[in-house]
2 protein chains.
Amino acid sequence: MKRIADSTVRRLSLYLRFLEEFENAGLTTVSSDELAARGGTTSAQVRKDLSFFGSFGKRGLGYQVAELTQRMRRILGLERDWRVVIVGVGKIGAALAQYEGFRQRGFRIVGLYDSDPAKIGREMYNLTVRSIASLAADNRERPVDIAVIAVPATAAQRAVDQVVGAGIMGIMSFAPIQLHVPADVTLNTVNMAMELERLSFALSNKE
Amino acid sequence: MKRIADSTVRRLSLYLRFLEEFENAGLTTVSSDELAARGGTTSAQVRKDLSFFGSFGKRGLGYQVAELTQRMRRILGLERDWRVVIVGVGKIGAALAQYEGFRQRGFRIVGLYDSDPAKIGREMYNLTVRSIASLAADNRERPVDIAVIAVPATAAQRAVDQVVGAGIMGIMSFAPIQLHVPADVTLNTVNMAMELERLSFALSNKE
DNA sequence: CCTATCTTGTGAATCAATTCACAAGCCCCG
DNA sequence: CGGGGCTTGTGAATTGATTCACAAGATAGG
């Protein structure tokens, strides 16, 4: 398959949310124009985005909401559950651990890890916080799909190395630094510091 | 000034972090090549990014770390403090309220707001949680630069409307939905659901 | 069954971002 | 003070993403 642009995947994710809203509202059919209006883009963009994956509509009519929803779920890999562990149970990690958005989309939190002995063994949200040293063995016993990195910047690369060493192939990081992983590991970073600076830049440059 | 691409601003933010690291390491001079290596890009990209704002280096020599750091801070609007309020003091809002990254970069949290009567009046991190209804008056008395939206998806658009109505011009949202603001208000969204789905897509489509 | 009206799917054209490649400038050394 | 070795800054070329524009289907109504 041809490489799909990041911007396209982001929009697919938006479309899926809109489709779910349309489905809840009882609509059975939707046009690329309606999807575009909802997402602040153009109908051509919507059709082009979808066209990378196939041809899902009927000319003159639009798309079946239920069908397109399911197709999008399949495309985005949301038809299965993902086993997720959280590394670092400070404030951010704890907030993530109980974030409903994870579970809703099939991201099941199956483990909490920390390196702080004071936290290891503690019960949180029906899980026992375990030492990060046991991650490799745990992963062998019952494989994990995604590790969420929620440790301080200074500890993040070490944590990532341990996650990679344990054999986990997907990482979502909230550490505000540039992390390095082997090419076969997928890393996705949400860098809050960067987002704040982007906002600061935009506010500073309003004419 | 010519419009600056979002991707460029994101990289500037990275460069700044690297420059600070170089400065801490005692380096006085740095080349576009070294910055590029650190950030996983190319030296031409680094020079092009900087060229939108001026010409900061010396041919044959590179850039003065201290000078470039300061220039980047100015460009990103980080030479001043920003007054920030957090709207919604649930788990995410509370985690953000005590996140050190904010203060470190000059984003000072000066207010916490919620609509839940059970939370209003409560003391958190040296601030008293106030009713979101009082935001407009508070902003008139002492202007706020940025509002961080940390309420559930269903309440987010209403919260944004109140923030906009209060006259605040910068918004950073963590709600997993598409929000609408007037053109003169700057909105920056971190959509965790979208990031997870991006990861899911990438993991599902490894060769 | 024919016509009018929609809306998709997609090459072609445009617009935007990145990379190339090299002249220009600076430092150092002999 | 002149030549060699670097590295910047930037037009030109390339690569990538978005928008345009229209033929191809599909439906509905008479």
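The basis for the numbers below is simple: all heavy atoms, side chains too, and nothing from hydrogens, waters or symmetry mates. Lettering follows sequence order; numbering is per chain, from 1.
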Q. Under the side chain to side chain donor-acceptor pair (under 3.5 Å) test, which residues partner A:S55, sequence neighbours left out?
A. none
Q | Over 12 foreign heavy atoms within 6.0 Å of CZ, B:R74 | A | no
Residues 26-34 of chain A, side-chain donor-acceptor partners within the protein, below 3.5 Å, at least two apart:
residue : atom : partner : partner atom : Å
A:T29   : OG1  : A:Y63   : O            : 3.2
A:S31   : OG   : A:D33   : N            : 3.4
A:S31   : OG   : A:E34   : N            : 3.2
A:S31   : OG   : A:E34   : OE1          : 3.2
A:S32   : OG   : A:R47   : NH1          : 3.1
A:E34   : OE1  : A:S31   : N            : 2.8

Q. How are the rings of A:F107 and A:W82 set relative to one another: parallel (under 30°), tilted (30 to 60°) or perpendicular (over 60°)?
A. parallel
Please write out the pairs of protein N or O atoms and N or O atoms of nucleotides 1-3 of chain C separated by less than 3.5 Å, giving the distance to one decimal.
none

Q: Would you check, one step at a time, whether the test salt bridge (Lys or Arg N to Asp or Glu O under 4.0 Å) holds for A:R11 with A:D6?
A: CA-CA 9 Å; A:R11 282 191 300 267; A:D6 205 69; over 6 Å; no
Q.
Please check if the number of heavy atoms outside B:R80 that lie under 6.0 Å from its CZ is greater than 12.
A. yes
Q. What residues form a side-chain contact (heavy atoms from CB on, under 4.5 Å) with A:E195, not counting sequence neighbours?
A. A:R198, B:R10, B:M172, B:N188, B:V190
Q | Whole-Å gap separating C1' (C:dC15) and CZ (B:R3) | A | 13 Å
Q: Sugar-phosphate means primed atoms, P, OP1 and OP2; the rest is base. With that split, encode nucleotides 18-28 of chain D 5' to 3' as B, S or - using protein heavy atoms under 4.0 Å.
A: SBBB-BBBS--
Q) Does any residue of residues 24-40 of chain B have a heavy atom under 4.0 Å from DNA chain C, and if so, which ones, in number order? A) none
Q | Euclidean distance, atom CZ of residue B:F56 to atom C1' of D:dT10 [Å, nearest integer] | A | 15 Å
Q: Output yes when at least one side-chain N/O atom of A:Y63 is less than 4.0 Å from OP1 or OP2 of C:dC6, else no.
A: no
Q.
Strictly distance-based, threshold 3.5 Å: is any side-chain N or O of B:Q64 a donor or acceptor partner for the main-chain N or O of B:G57?
A. no
Q: Verify, without hydrogens or angle tests, whether B:T8 (side chain) and B:I4 (backbone) share a donor-acceptor contact under 3.5 angstrom.
A: no
(Q) For A:N24 and A:E20, which I'm curious about, is there any donor-acceptor pair between the side chains at under 3.5 Å? (A) no
**Q.** B:K119 and B:M124, any side-chain heavy atoms less than 4.5 Å apart
**A.** no
Q: Could you state the atom-to-atom distance from CD1 of A:I4 to C1' of D:dA17 in whole Å?
A: 12 Å
(Q) Check the phosphate of C:dG9 against A:S55, side-chain N and O only, distance under 4.0 Å to OP1 or OP2. Yes or no? (A) yes
